[in-house]
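The next block holds one structure in the form of structure tokens; read it before the comments.
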Amino acid sequence: MPFRWEHGGVDTAEIEVFLTLAEELHFGRTAERLRMPQPRVSRLVSALERRVGGALFERTSRRVRLTPLGEQLRDQLQPAYKDLTAALDGARATARDTAGVLRIGFSPTSSMTVLTRLTGAFEARNPGCHAVLDGVSNLDPYSALRRGELDVLVNWLAVEEPDLTVGPVLEYHDRVLAVASTDPLAGRQSVLLEELADRDVALMTPPFPPALYDAIIPPRTPSGRVIHRSHPVRSIHELVALVAQGRIVHPTATGIPMFARDDICLVPISDIWCTAHHNARIEALAETVQALRREVGPRPRSIGR
């Protein structure tokens with residue numbers, strides 16, 4: 001495939017035309033082979049000759065042949081040009097190839113049923129690729145992705161990270177408030193976000209992403225009251241234990257496995273909530289997500305992953 005690259009004053013279009021003409025020894029055939037006008041072939045050859053400082057071809061009305069200088073340049077350029085085109089062709093093939101391993105990260109709050117359906121559909125659509133699931137910490141979800149240990153991450157859709165690209169939404173969840181089963185709120189049909197100002201919630205410290213933190217536990221209620229982020233937590237399991245003990249309440253979403261306990265109740269939140277390494281395998285996964293979403297149809301909710 002023809003390409004053009006200028007480096008240090010050298011235009012590879014000139015080199016491509018020169019090497020092709022050195023094979024064809026005919027301006028018309030060279031132009032036809034490279035799919036360019038014949039006058040452009042002549043201009044590029046002349047430009048290279050000016051750059052080299054000597055004639056590369058002897059031209060007569062009956063024939064074209066290389067000069068000794070042209071033969072020397074051809075012999076020196078051909079190996080390097082073949083290596084360059086082979087490298088570019090290889091890069092193009094890799095970019096288009098979905099074969100290989102796709103490493104998908106997920107957090108402990110992820111639905112394994114959904115992940116199993118996703119990986120199964122992805123592998124069915126891309127027979128040459130194998131999807132591998134690998135868990136990440138809830139409190140540090142992005143580090144493995146940035147280190148290149150993962151290709152993609154299935155996580156809550158609240159991302160303000162300039163170096164990360166957000167893909168399509170896999171599923172939506174209703175927002176709920178996790179409280180101890182003995183908490184006065186446990187018997188309620190729903191709660192308001194305003195009521196969080198009267199309760200203690202978890203304090204998430206770095207490397208927990210700030211945008212994700214604000215999406216899960218906003219710093220203030222809609223009216224501006226401060227929400228007390230008072231209890232430092234080091235893991236999702238510690239957070240769940242604090243909820244079960246009645247020491248904190250925690251805004252979360254339906255379908256989170258670790259909150260499915262007899263000593264924890266999930267109460268719907270009824271008012272407005274604040275929401276917040278590229279290759280062909282990742283694109284194929286995104287297409288699989290979109291296909292799965294089309295199968296179940298649209299279901300607008302307040303937070304996605």
Side-chain angles (χ1 to χ4, degrees), residues 1-103 121-131 148 150-152 162-168 277-291:
M1 178 182 295
F3 64 92
R4 182 174 179 178
W5 174 49
E6 294 187 16
H7 177 66
V10 177
D11 185 345
T12 52
E14 297 173 4
I15 296 174
E16 184 177 36
V17 166
F18 166 71
L19 291 175
T20 305
L21 183 58
E23 290 182 21
E24 298 289 348
L25 297 178
H26 191 282
F27 279 85
R29 289 195 298 269
T30 297
E32 182 178 354
R33 179 171 159 184
L34 296 178
R35 299 180 181 180
M36 66 173 59
Q38 186 170 326
R40 175 166 167 74
V41 171
S42 298
R43 287 196 300 271
L44 289 170
V45 171
S46 297
L48 184 60
E49 287 178 325
R50 288 194 299 272
R51 197 184 306 280
V52 170
L56 300 173
F57 295 94
E58 292 181 2
R59 309 166 178 82
T60 70
S61 59
R62 303 181 60 183
R63 69 176 183 177
V64 176
R65 68 179 183 180
L66 286 164
T67 64
L69 179 61
E71 291 177 349
Q72 175 187 331
L73 184 61
R74 177 200 58 193
D75 294 343
Q76 292 176 334
L77 280 179
Q78 272 182 338
Y81 186 77
K82 287 180 180 179
D83 289 344
L84 177 60
T85 54
L88 289 171
D89 289 343
R92 292 188 190 102
T94 299
R96 293 191 299 265
D97 188 12
T98 60
V101 174
L102 181 71
R103 301 160 299 175
F122 171 71
E123 291 180 347
R125 290 165 60 94
N126 302 274
C129 192
H130 176 54
L150 300 171
D151 296 304
V152 295
D163 60 327
L164 302 183
T165 299
V166 177
H277 283 205
H278 184 76
N279 58 42
R281 292 187 295 277
I282 295 175
E283 291 183 0
L285 181 71
E287 291 171 2
T288 302
V289 170
Q290 292 170 331

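Basis for what follows: all heavy atoms, side chains included, without hydrogens, waters or symmetry-related copies. Computed from a prediction, not measured in an experiment: that's the story for all the values here.
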Distance-minimising heavy-atom pair for E24 and R29: O-NH2, 2.9 Å
Backbone of A131 reached by a side-chain donor or acceptor of E123 within 3.5 Å: yes
Approximate separation, where rounding is to 0.5 Å, of L102 CG and L150 CG: 9.5 Å
Nearest-0.5 Å distance, OG1 of residue T67 to CZ of residue R59: 9.0 Å
Side-chain touch L21/L56, heavy atoms, less than 4.5 angstrom: no
Residues V41, T20; criterion side chain to side chain contact (heavy atoms under 4.5 Å, CB included); working and verdict: CA-CA 10 Å; V41 171; T20 305; over 6 Å; no
Spacing of CG belonging to L69 relative to CG belonging to L73, to within rounding of 0.5 Å: 6.5 Å
Residue pair R63, L25: steps toward the side chain to side chain contact (heavy atoms under 4.5 Å, CB included) verdict: CA-CA 8 Å; R63 69 176 183 177; L25 297 178; over 6 Å; no
Considering all heavy atoms, the nearest R103-D151 contact: N-OD2, 2.7 Å
Main-chain N/O of I15 paired to T12 side chain as donor or acceptor, under 3.5 Å: no
Which atom of P37 lies closest to which atom of A31, heavy atoms considered: C-CB, 4.2 Å
Shortest non-hydrogen contact between A22 and R74, atoms and distance: CB-CD, 4.1 Å
Other residues, nucleotides, ligands: >12 heavy atoms within 6.0 Å of E32 CD: no
Side chain to side chain contact (heavy atoms under 4.5 Å, CB included) assessment of F18 paired with E49: CA-CA 10 Å; F18 166 71; E49 287 178 325; over 6 Å; no
L66 side, atom CG; F57 side, atom CZ - distance, nearest 0.5 Å: 5.0 Å
Beyond-backbone contact of L34 with R40, side-chain heavy atoms, under 4.5 angstrom: no
T288 OG1 to N126 CG distance, which is reported to the nearest 0.5 Å: 5.5 Å
